[in-house]
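Below: the structure, in structure tokens.
These numbers come from the heavy atoms of this one structure, side chains and all, not from hydrogens, waters or symmetry mates. Order of the sequence lines fixes the chain letters, A, B, ..., with proteins taken first and strands second; residue numbering starts at 1 for each chain. The shown structure was predicted, so the numbers you read here are calculated from the model rather than taken from an experiment.
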Amino acid sequence: SQKIEQNSEALNIQEGKTATLTCNYTNYSPAYLQWYRQDPGRGPVFLLLIRENEKEKRKERLKVTFDTTLKQSLFHITASQPADSATYLCALSPFSGGYNKLIFGAGTRLAVHP
Amino acid sequence: EAQVTQNPRYLITVTGKKLTVTCSQNMNHEYMSWYRQDPGLGLRQIYYSMNVEVTDKGDVPEGYKVSRKEKRNFPLILESPSPNQTSLYFCASSPRTSGTYNEQFFGPGTRLTVL
């Protein structure tokens, strides 16, 4: 069956360290992957998009990698801050779904401690 | 301000009482979608619309209806709500540009409880 998996356990790290979140998928051939941030009681907010022919994408302190051989995307936050504490969702777009179709993972909660 | 709005934000209702959750966007986006979010399951797509009068089922459409009479509005209708539709609902919109993958803009969510 098709699955997108993110660590269900919360990730706790110290301020200033790099947070690394994992998104694994099976039985999909995604055209691209997106990462979203979701704060409690709020809708997801778009962070980054990476296409299937791209290995890495950066935006300020954020970095996303996409390995179609391993079927995995890694999301890094460098120099993490308590304000980065949130749930992070990965979402992929299968080639068959059109340009707007997104399948979401359940998300990983990140807690950055001072 | 560019945004997606949903109403109501919170709703408690009883089994079988028809309800509508409204969604409106002011970004002139063609694509709109409804998701439900349940613990441990992530966001699951209920229905989506590629443009006015064009709607299609997502992954979990049972028990829901939608309509797209205007570009900006995409209401979600529960004709006969049941307790298993208790969930957090999100509306999202996105520009639909052929050949380009686009981010989705989400509304603030509607927390629905069906007793």
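Pairs of residues two or more places apart, or lying in two chains, never qualify as disulfide bond (SG atoms under 2.5 Å apart) while including a residue from residues 31-75 of chain B. For residues 49-59 of chain B, every residue pair satisfying the salt bridge (charged side-chain N to carboxylate O under 4.0 Å, His left out) rule, not counting sequence neighbours, is listed here: A:Lys101-B:Asp59.
Of the residues considered (A:Ile4, A:Leu47, A:Leu102), A:Leu102 shows the highest number of contacts with chain B, using heavy-atom pairs under 4.5 Å.
B:Gln104 and A:Gln34 share no donor-acceptor pair across their side chains, judged by distance under 3.5 Å alone.
Ring pair A:Phe75/A:Tyr88: centre-to-centre distance below 6.0 Å.
For B:Tyr35, the part lying under 4.5 angstrom from a heavy atom of chain A is the side chain only. At a 4.5 Å heavy-atom cutoff, A:Gln6 makes no contact with chain B through either its backbone or its side chain. Using a 4.5 Å cut-off between heavy atoms, B:Arg44 does not touch chain A at all. The part of A:Ile103 that comes within reach of chain B is its side chain, from C-beta onward, which places non-hydrogen atoms under 4.5 angstrom from that chain. For B:Leu41, the part lying near chain A is the backbone, with the side chain staying farther off; criterion is any non-hydrogen pair under 4.5 Å.
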Working for side chain to side chain contact (heavy atoms under 4.5 Å, CB included), residues A:Val64 and A:Leu33: CA-CA 9 Å; A:Val64 172; A:Leu33 257 158; 5.9 Å; no
